[in-house]
Asks: 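Dropping the structure in here first, questions after.
The first residue of the sequence shown is numbered 1, and numbering continues consecutively from there. Keep in mind the model is a prediction, meaning the values are calculated, not measured.
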Amino acid sequence: MRVAVWEVANRLGVVAGTPAELFSVLLAGPRRTVRLPLPPDHALVRALRPLGHLDLVLDEPPQLPGPPPAGSVDLGDPAAVCAADPVRVTRAYEADPDPRGGLRPAWLRAGQSLLRDQDPADRALVLLAALDEGADPRTAAALARRAAGSPWTLARSSRRPCTALTAAPDGRPVVREDRVLAVACLPDGTQAALDERGRLRLPGGRAGRLADAVAATLASHPATALAAAGDSVLTGDRMGTVHAFSLTGLEQAALHSGRVTALTATATAPAAATATASGAAPSPAPAALTVYSGGTDGTVRAWRPGRPPGRSALARRPCPVVALHAAGPYLAVAWADGLAELRRPDIGATALFRPGPRIRAVAATADGTLVVGLEDAVLHLACRACRPRR
C-alpha cells in the first residue's frame with residue numbers, strides 16, 4: 001500500500017505518505033482522469049473508486065502488483081540501499097522493524113522522493129536530510145560520503161516544525177512554527193504574519209502608518225500571500241492580483257489565473273540623490289522593486305511596480321506554487337508536488353531537491369543556501385551548482 005500511495009502521488013503531482021493523505025488531496029482537487037499502475041483488485045483502487053470525481057484507468061506493470069524481485073539488500077548498508085531497487089528496499093523495510101542505524105525511518109519518511117529514478121548520490125542526500133537527530137553518526141557519515149556527487153551539501157538540519165519562512169534584515173532565515181500563511185519583515189524590521197483568515201497580524205497590534213493601512217485593507221479584503229521589501233508591502237489575493245502598498249500609493253497587477261499562493265520581492269537601492277537648483281535637499285527616490293509571485297496556475301512571474309507586467313512566465317509547471325523567497329541573485333521556489341528549486345535567473349541555472357515530505361516554505365540566502373521548511377524539519381542545503389560568478 002505504501003509504495004502504491006507514493007507512486008500514485010508522484011503521478012498526480014501531489015505529496016502523500018499515507019492513504020488518508022492521498023484521499024484528502026484527491027477529494028480537494030478537481031475531477032481528473034488518473035492512470036494507476038495497479039490491478040483492479042488492489043486495496044488502494046478499491047478505496048479510491050467511491051470518489052465520484054476520479055476516473056481510474058488501470059495498468060499492471062510487474063514492479064508494483066507483482067512479487068518483489070529476487071535477491072536481498074543489506075538494509076544496514078547506506079551505499080547498498082541507495083543503489084538498490086527502491087520498491088524492493090521499501091518492502092524490505094516494511095517487513096523488518098529494525099531501525100538500521102536510522103536508515104529505516106529516514107527511508108519511510110522520504111520514500112516518495114526515493115521512489116523516483118535518480119542517481120545514488122542524490123538518493124543518499126535525500127536520506128541524509130531525512131535522518132532523525134538520534135540516528136547513528138556512522139550512518140550520517142556514510143550517507144554524506146555517498147552524497148558527494150550530488151549538486152547539494154547538507155549544511156545542517158533540525159527537527160522542528162515550520163509553517164513559514166522569511167529572512168531578517170541581516171539575512172538570517174526566520175522560521176515560524178505557528179499557524180500562519182506567510183511571514184514578512186516590514187520596512188522598519190517588524191515581523192508581520194498573514195494568518196489563516198488572510199488578515200495581517202502585527203506585534204503589539206500596530207507597526208506604523210503603512211502596516212496599519214495594509215492591515216485595515218486586509219480586514220475587509222483578505223489576502224492569500226504576503227511579502228515586503230524596500231518601502232513596500234506586497235499582498236496577493238484569490239483572484240490572481242498582486243498589490244504593492246507604499247506610503248506614496250497602491251499599484252496592482254493581475255498576474256495569475258486563480259489564487260496567488262506565494263510572494264517575495266527584492267529592492268534595489270535608488271541612485272544617490274542630487275541637490276535641486278534651489279539648493280533644497282531633494283526627497284529620496286523610492287527603492288526599485290522586483291516582485292516574484294506564484295499561483296495555483298503553476299506559474300512564477302516577475303513584475304516591477306510602475307511597469308506593465310511581462311507576458312512570459314519565469315517558470316511554469318503542472319502544479320501550484322507553494323512558496324517563494326528571493327535573496328541576492330537567488331530565487332527559491334517550492335511546488336505542490338514536493339519539488340524545491342534554487343534558481344539563478346541571471347545565469348539561467350537551477351538546482352533541484354525533493355525531500356520527500358510536503359514542503360511548507362522555502363528561503364534563499366545571498367550565499368546560495370536553500371532553506372527548506374517541512375512539517376517536522378528545517379533543512380539548510382548549500383548549492384554547488386549555483387554559486388555566484390567570481
Asks: Run Arg344 and Thr350 through side chain to side chain contact (heavy atoms under 4.5 Å, CB included) and show every step you take.
Replies: CA-CA 6 Å; Arg344 281 284 306 271; Thr350 303; over 6 Å; no

Asks: Working to the nearest 0.5 Å, report the span between CG of Leu218 and CG of Leu226.
Replies: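 Atom-to-atom, Leu218:CG and Leu226:CG are 8.0 Å apart.
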
Asks: At their closest point, which heavy atom of Ala364 faces which heavy atom of Ala327, and how far apart are they?
Replies: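 For Ala364 and Ala327, the tightest heavy-atom pair comes out as O-CB, 3.3 Å.
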
Asks: I'd like to check His256 versus Thr296 (side-chain heavy atoms, cut-off strictly below 4.5 Å). Are they in contact?
Replies: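 They are not in side-chain contact.
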
Asks: Can you check whether Val291 reaches Arg304 side chain to side chain, under 4.5 Å on heavy atoms?
Replies: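 They are not in contact (no side-chain heavy atoms under 4.5 Å apart), so the answer is no.
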
Asks: Do Thr261 and Thr224 have side chains that approach each other closer than 4.5 Å (heavy atoms only, starting at C-beta)?
Replies: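 They are not in side-chain contact.
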
Asks: Taking the side chain as C-beta and beyond, is there a heavy-atom pair between Leu22 and Leu26 under 4.5 Å?
Replies: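 Yes, their side chains come closer than 4.5 Å.
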
Asks: Can any side-chain N or O of Arg201 pair as donor or acceptor with the backbone N or O of Ala193 at less than 3.5 Å?
Replies: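 No; judged by distance alone, with no hydrogens or angles, the pair does not exist.
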
Asks: Quick one: pull up CG in Leu128 and CZ in Arg145 and give me the separation to the nearest 0.5 Å.
Replies: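 Leu128 CG to Arg145 CZ: 11.5 Å, rounded to 0.5 Å.
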
Asks: Among residues at least two apart in sequence or on other chains, which ones pass side chain to side chain donor-acceptor pair (under 3.5 Å) with Glu177?
Replies: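 Glu177: side chain to side chain donor-acceptor pair (under 3.5 Å) contacts with Arg160.
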
Asks: How far does OG of Ser157 sit from CG of Leu131, to the nearest 0.5 angstrom?
Replies: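 Rounded to the nearest 0.5 Å, the OG-CG separation comes out at 8.0 Å.
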
Asks: Return the minimal non-hydrogen interatomic distance between Gln112 and Ala9, and the atom names on each side.
Replies: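 Minimum heavy-atom separation between Gln112 and Ala9: NE2-CB, 3.5 Å.
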
Asks: Show your reasoning for whether salt bridge (charged side-chain N to carboxylate O under 4.0 Å, His left out) applies to Arg109 and Asp132.
Replies: CA-CA 10 Å; Arg109 176 181 293 115; Asp132 286 326; 2.8 Å; yes

Asks: What's the verdict on side chain to side chain contact (heavy atoms under 4.5 Å, CB included) for Leu263 and Tyr292, showing C-alpha distance, side-chain angles and the deciding distance?
Replies: CA-CA 6 Å; Leu263 282 174; Tyr292 299 96; over 6 Å; no

Asks: Are Val183 and Leu200 connected in a single hydrophobic cluster, I mean Ile/Leu/Val/Met/Phe/Trp/Tyr linked by side-chain heavy atoms less than 4.5 Å apart?
Replies: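 In one cluster with Leu200: Val183, no.
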
Asks: Report yes if some heavy atom in the side chain of Leu370 is under 4.5 Å from a heavy atom in the side chain of Tyr330; otherwise report no.
Replies: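 A side-chain contact is absent here, since even the closest heavy-atom pair is not under 4.5 Å.
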
Asks: Which pair of heavy atoms, one from Arg123 and one from Ala84, lies closest together, and at what distance?
Replies: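 Shortest heavy-atom separation between Arg123 and Ala84 comes out as NH1-O, 3.8 Å.
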
Asks: Taking Arg316 for its side chain and Thr299 for its backbone only, find out whether a donor-acceptor pair lies under 3.5 Å.
Replies: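 Not a single qualifying donor-acceptor pair exists.
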
Asks: Would you say Asp117 has more than 12 foreign heavy atoms packed within less than 6.0 Å of its CG?
Replies: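 Atom CG in Asp117 is not packed in, count stays at 12 or less.
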
Asks: Taking Glu21 for its side chain and Gly17 for its backbone only, find out whether a donor-acceptor pair lies under 3.5 Å.
Replies: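 Between the backbone of Gly17 and the side chain of Glu21 there is a qualifying donor-acceptor contact (under 3.5 Å).
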
Asks: Would you say that more than 12 heavy atoms from the other residues, nucleotides or ligands in this model lie under 6.0 Å from the CZ of Arg159, or not?
Replies: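 Check passes, neighbour count above 12.
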
Asks: Please check this pair: side chain of Gln118 against backbone of Ser113, looking for a donor-acceptor N/O pair closer than 3.5 Å.
Replies: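 Yes; at least one donor-acceptor contact below 3.5 Å.
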
Asks: Do Val300 and Val362 land in one hydrophobic cluster if side-chain heavy atoms of ILVMFWY residues count as linked below 4.5 Å?
Replies: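 Not linked; separate clusters.
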
Asks: Please give me the minimum heavy-atom distance between Met1 and Pro19, naming the atom from each residue.
Replies: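 Looks like CG-CG, 3.6 Å.
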
Asks: Pick from Gln252, His243, Arg259: which one makes a side-chain hydrogen bond (donor to acceptor under 3.5 Å, both in side chains) with Asp237?
Replies: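 Running side-chain hydrogen bond (donor to acceptor under 3.5 Å, both in side chains) over Gln252, His243, Arg259 with Asp237 returns exactly one hit, His243.
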
Asks: Using only atom types and a distance under 3.5 Å, with no angle test, would you say the side chain of Thr90 pairs donor to acceptor with the backbone of Pro86?
Replies: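 Yes, because the side chain of Thr90 sits within donor-acceptor range (under 3.5 Å) of the backbone of Pro86.
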
Asks: In terms of hydrophobic clustering (I, L, V, M, F, W, Y; side-chain heavy atoms under 4.5 Å; direct or indirect links), are Val214 and Leu250 co-clustered?
Replies: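 As far as the 4.5 Å side-chain criterion goes, Leu250 and Val214 are connected within one cluster.
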
Asks: Taking Trp152 for the side chain and Leu352 for the main chain, is one N or O donor matched with an acceptor at less than 3.5 Å?
Replies: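 Flag set: sc Trp152 to bb Leu352 pair under 3.5 Å.
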
Asks: Which heavy atom in Arg100 sits nearest to a heavy atom in Arg104, and how many Å separate them?
Replies: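 Shortest heavy-atom contact: CB-N, 4.5 Å.
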
Asks: Identify whether Phe353 and Leu339 are in the same connected component of the hydrophobic contact network (ILVMFWY, side-chain heavy atoms under 4.5 Å).
Replies: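 Hydrophobic grouping puts Phe353 apart from Leu339.
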
Asks: Between Leu202 and Asp212, is a side chain to side chain contact (heavy atoms under 4.5 Å, CB included) present by the stated rule, with each step listed?
Replies: CA-CA 9 Å; Leu202 304 166; Asp212 291 344; 4.0 Å; yes

Asks: Please indicate whether Arg238 has more than 12 foreign heavy atoms, meaning atoms of other residues, nucleotides or ligands, lying under 6.0 Å from its CZ.
Replies: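 12 or below, so no.
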
Asks: Carefully, step by step, assess Leu115 and Val87 under the rule side chain to side chain contact (heavy atoms under 4.5 Å, CB included).
Replies: CA-CA 7 Å; Leu115 204 65; Val87 173; 3.8 Å; yes

Asks: According to a 4.5 Å side-chain heavy-atom criterion applied to Ile, Leu, Val, Met, Phe, Trp and Tyr, with indirect links allowed, do Val174 and Leu381 form part of one hydrophobic cluster?
Replies: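 No, it is not one cluster - the side chains of Val174 and Leu381 are not joined through contacts under 4.5 Å.
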
Asks: Is there side-chain contact between Val25 and Leu12, with at least one heavy-atom pair below 4.5 Å?
Replies: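 Not in contact.
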
Asks: Rounded to the nearest 0.5 Å, what's the gap from CZ on Phe245 to OG1 on Thr217? Could you check?
Replies: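 The CZ atom of Phe245 sits 4.5 Å away from the OG1 atom of Thr217.
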
Asks: Give me the atom names and distance for the closest heavy-atom approach of Ala47 to Phe23.
Replies: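 The answer is CB-CZ, 3.4 Å.
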
Asks: Using atom types as modelled and distance alone, determine if a side-chain donor or acceptor of Ser24 lies under 3.5 Å from a backbone N or O of Ala20.
Replies: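 Yes, because the side chain of Ser24 sits within donor-acceptor range (under 3.5 Å) of the backbone of Ala20.
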
Asks: Please enumerate all residues that pass side-chain contact (heavy atoms from CB on, under 4.5 Å) together with Thr163, with sequence neighbours excluded.
Replies: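 If we apply the side-chain contact (heavy atoms from CB on, under 4.5 Å) test to Thr163, skipping adjacent residues, the hits are Arg176, Asp178, Val180, Arg360.
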
Asks: Contact between Pro305 and Leu289 at the side-chain level, heavy atoms closer than 4.5 Å - yes or no?
Replies: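 In contact.
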
Asks: How many angstroms lie between CD in Glu341 and CH2 in Trp335, if you round to the nearest 0.5 Å?
Replies: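 Result: 6.0 Å between the selected atoms.
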
Asks: Let's go through Asp337 and Arg354 carefully: what are the C-alpha distance in whole Å and the side-chain angles of both, what is the deciding distance for salt bridge (charged side-chain N to carboxylate O under 4.0 Å, His left out) to 0.1 Å, and is it a yes or a no?
Replies: CA-CA 9 Å; Asp337 66 346; Arg354 290 183 182 272; 3.3 Å; yes

Asks: Is there a donor-acceptor contact under 3.5 Å from the side chain of Arg301 to the main chain of Arg311?
Replies: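 Looks like yes, one N/O pair under 3.5 Å.
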
Asks: List for me each residue that meets salt bridge (charged side-chain N to carboxylate O under 4.0 Å, His left out) alongside Arg146, sequence neighbours excluded, and say none if there are none.
Replies: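 Counting only residues at least two positions away or on another chain, Arg146 forms no salt bridge (charged side-chain N to carboxylate O under 4.0 Å, His left out).
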
Asks: Measure from the side-chain N and O atoms of Thr139 to the backbone N and O of Gly101, and report whether any donor-acceptor pair falls under 3.5 Å.
Replies: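 Yes; judged by distance alone, with no hydrogens or angles, the pair exists.
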
Asks: Taking the side chain as C-beta and beyond, is there a heavy-atom pair between Leu374 and Ile359 under 4.5 Å?
Replies: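 Touching, per the 4.5 Å side-chain cut-off.
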
Asks: Please check if the side chain of Tyr93 supplies one atom and the backbone of Trp107 the other of a donor-acceptor pair under 3.5 Å.
Replies: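 Here the side-chain-to-backbone pair does not exist.
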
Asks: If you round to the nearest 0.5 Å, how far is CG of Leu194 from OG1 of Thr235?
Replies: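 Spacing of OG1 (Thr235) from CG (Leu194) equals 8.5 Å.
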
